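Below is one structure, written out as structure tokens, with a few remarks after it.
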Amino acid sequence: VTSLVTEVERVGIVHRAAPGSEAQVITVVPDPSSIDFGALEDGVPQVFMRLIVPVGVVEQIRLITSGGTIVIPEGSFPVRVPSGSQTGLKIIPDDGEPPFPIRADETTAVLVTFDPARAVVRNRGTGFHLRPVIRGREVDPAILSGFSFDEIIVLFDIDASDAEIAAVNDARGVTVLDSHPVNNLY
């Protein structure tokens with residue numbers, strides 16, 4: 001895989017203020033964004049989003065996609081993410097891991113190891129499909145300076161008021177659309 005670009009229209013963060021509380025989807029719209037999963041270089045992490053998220057837990061990070069393109073030796077082809085425009089490409093905790101914790105006055109980092117060769121399925125009848133679930137795990141933010149090939153980092157920041165969240169997101173070109181109850185998790 002030479003290149004695997006996914007166009008991201010918006011990001012949904014499935015958040016709970018506390019374990020067992022009602023889940024909400026916090027929806028944000030980054031500046032027009034694309035992620036080239038196939039262009040990661042050895043030792044160079046790709047931080048693709050930093051947001052201030054209220055204290056609690058994050059159960060999923062949903063990259064709502066409008067499509068994508070894969071480049072392989074045979075040429076360039078469209079890539080479809082099943083439910084990509086509804087629930088998106090979902091980053092969820094590794095099997096057996098708890099949701100990603102968001103603690104007051106701390107940064108939470110989520111490490112996602114992505115292998116384009118294993119994540120894309122080619123169906124001769126319908127083309128290329130990107131598997132809709134990627135597993136992640138919480139890591140110590142102090143290790144963010146050293147990564148190996150094919151690793152992507154998602155960062156969360158400290159607890160903040162709605163006004164502080166809006167100010168930081170505005171400064172980064174991210175617009176919060178709304179917060180609504182979670183539905184259709186998978």
Side-chain angles (χ1 to χ4, degrees), residues 1 4 6 8 10-21 23-28 30-31 33-65 87-119 130-174 176 179 182 185-186:
V1 176
L4 175 58
T6 301
V8 178
R10 64 188 185 279
V11 177
I13 299 170
V14 179
H15 177 268
R16 290 181 189 270
S21 66
Q24 296 288 314
V25 177
I26 301 169
T27 304
V28 296
D31 283 340
S33 178
S34 61
I35 300 170
D36 188 349
F37 290 107
L40 301 177
E41 297 178 22
D42 193 17
V44 180
Q46 181 177 355
V47 177
F48 65 89
M49 184 159 296
R50 289 185 174 142
L51 297 172
I52 291 179
V53 177
V55 167
V57 294
V58 170
E59 295 178 343
Q60 286 185 5
I61 303 158
R62 298 176 178 178
L63 306 176
I64 309 302
T65 64
T87 58
L89 184 60
K90 294 166 275 304
I91 300 171
I92 63 173
D94 277 336
D95 288 333
E97 294 291 320
F100 309 124
I102 308 301
R103 301 172 195 93
D105 301 321
E106 291 185 24
T107 297
T108 299
V110 176
L111 176 67
V112 177
T113 302
F114 185 84
D115 180 356
R118 294 178 66 198
L130 185 58
R131 295 179 193 269
V133 175
I134 300 173
R135 302 276 178 185
R137 61 183 165 84
E138 180 188 12
V139 295
D140 181 347
I143 69 163
L144 295 180
S145 61
F147 297 97
S148 61
F149 185 72
D150 287 343
E151 292 183 335
I152 301 167
I153 310 304
V154 179
L155 297 176
F156 297 99
D157 214 332
I158 62 172
D159 181 34
S161 70
D162 289 342
E164 290 170 312
I165 292 170
V168 170
N169 289 336
D170 286 344
R172 292 193 171 107
V174 174
V176 176
S179 235
V182 68
L185 288 180
Y186 295 97

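All values reported here derive from a predicted model rather than from experimental measurement.
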Just so I know, are the side chains of [X] and [Y] near enough to count as touching, which here means a heavy-atom distance under 4.5 Å?
| X | Y | result |
| --- | --- | --- |
| V25 | I13 | no |
| T108 | R103 | yes |
| V110 | V139 | no |
| R16 | E59 | yes |
| I64 | V11 | no |
| P93 | R137 | no |
| V53 | H15 | yes |

Compare every heavy atom of [Y] with every heavy atom of [X], then report the nearest pair and how far apart it is.
| X | Y | result |
| --- | --- | --- |
| V57 | P99 | CB-CB, 3.8 Å |
| I92 | F100 | C-CZ, 3.8 Å |
| R135 | D94 | CB-OD1, 2.9 Å |

Nearest-0.5 Å distance, [atom1] of residue [X] to [atom2] of residue [Y]:
| X | Y | atom1 | atom2 | value |
| --- | --- | --- | --- | --- |
| L4 | I35 | CG | CD1 | 10.0 Å |
| L111 | E138 | CG | CD | 11.0 Å |
| Q60 | I91 | CD | CD1 | 10.0 Å |

Original post:
Which one of T87, I134, T6, L89 satisfies the side chain to side chain contact (heavy atoms under 4.5 Å, CB included) criterion with L63?
Top reply: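 So the option named by the test is L89.
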
